[in-house]
Amino acid sequence: MLQVKIPATSANLGPGFDCLGMALQLYNRITVETNRPFRITLSGSYKEGIPTDDTNLVWKTMCHFWDLINYPIPNLDLTFENFIPPARGLGSSSAAIVGGLVTANTLAGSPYTKLELLQVANALEGHPDNVTPALYGGVTLSVSTENGVLPRILTQSPNFKAVVTIPNMHLNTKKARGILPDQVHRKDAVFNISHVSLLTEAFIRGDYSLLKEGMRDTLHQNQRAALIPGLLETLEAALETGAYGSALSGSGPTLLALIPDNLEKDVPLSMTKALERHGINATALVLDID
Ligand code: HSE
């Protein structure tokens with residue numbers, strides 16, 4: 001039997017659109033029994049709408065990998081235990097892709113290194129900011145170079161917790177990317193370049209007093225506020241309650257706040273209340289960084 005555990009991830013962290021991300025201690029689990037007739041069984045909190053035939057994303061990714069390396073598709077009995085909510089900005093599709101690749105690679109005798117798996121994961125997902133932390137853990141920077149994605153781990157076990165406030169609505173990443181303009185103003189580009197630099201310093205030095213300013217963004221959050229009622233007010237409410245910083249998680253609708261331990265109750269409450277004022281029910285989880 002083989003078991004693979006893949007973390008949820010939060011991408012962008014404010015200004016780091018398509019390049020910054022962090023892994024969270026919330027997992028999907030893949031269990032494999034070999035030499036059994038093909039079967040996919042779903043368990044965990046999220047099963048609805050997830051196919052159990054050959055259109056399943058984890059399985060499709062596994063077959064894609066074996067195809068790449070010319071490996072025959074084995075007979076497997078698979079159980080996918082899902083605790084990462086789908087279509088909420090917590091990296092569920094990256095978890096499926098990374099989980100599929102790590103499982104398929106292990107079953108084939110690990111011909112690919114982690115860095116090689118990252119390149120395949122990035123090509124399948126289309127952007128590296130979730131797949132890098134899902135593979136490496138910690139808070140990560142993904143640099144897209146001529147030779148593929150260069151992954152950097154900025155910090156592995158930071159001294160803060162992540163509040164993920166999950167609105168009771170789905171948001172498709174394609175739609176949330178589709179509303180962003182193709183071109184940006186120079187002053188907005190400069191704003192984000194300088195803020196990602198500040199944020200990188202904050203994570204590397206462990207100076208969380210820099211997170212509040214460092215997590216500000218001009219490239220996507222204001223634009224996506226049109227799709228998520230109460231987005232900007234909720235991020236502000238988290239800061240007013242003492243969070244180090246706050247941002248939209250990935251393409252949303254989940255909202256992320258980074259907090260010291262003593263605000264585990266106050267920040268989730270202020271965020272869910274702010275969303276409630278906009279008619280949105282939400283569930284808040286307090287998670288450690290993976
Ligand atoms: N960087 C991506 C986006 C993350 O914001 O569209 C999507 O999960």
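Both ligands and their constituent atoms are indexed starting at 1 by order of listing.
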Exercise. With hydrophobic residues grouped by side-chain heavy-atom distances under 4.5 Å, do L269 and L263 end up in a single group?
Worked result: no
For this session: Determine, stepwise, if the pair E33 / R36 fulfils salt bridge (charged side-chain N to carboxylate O under 4.0 Å, His left out).
Result: CA-CA 7 Å; E33 302 277 0; R36 302 280 175 87; 3.7 Å; yes
Exercise. Does a salt bridge link R177 with D18, judged by any charged N lying under 4.0 Å from a carboxylate O?
Worked result: yes
For this session: Flag the pair D54 and K60 as a salt bridge only when some basic side-chain nitrogen lies within less than 4.0 angstrom of an acidic carboxylate oxygen.
Result: no
May I have a table of the N/O to N/O pairs between ligand 1 and the protein that fall below 3.5 Å, each row giving the two atom names and the distance to 0.1 Å?
unit_1	atom_1	unit_2	atom_2	d
ligand 1	1 (N)	N12	OD1	2.9
ligand 1	1 (N)	D18	OD1	2.5
ligand 1	1 (N)	D129	OD2	2.6
ligand 1	5 (O)	N12	ND2	2.8
ligand 1	5 (O)	R224	NH1	2.8
ligand 1	5 (O)	R224	NH2	3.4
ligand 1	6 (O)	R177	NH1	2.7
ligand 1	6 (O)	R224	NH2	2.9
ligand 1	8 (O)	N130	OD1	3.2

For this session: Calculate, to the nearest 0.5 Å, the distance between atoms NZ and CD belonging to K5 and E81 respectively.
Result: 11.5 Å
Exercise. Do F160 and Y244 come within less than 4.5 Å of each other through their side chains, counting heavy atoms only?
Worked result: yes
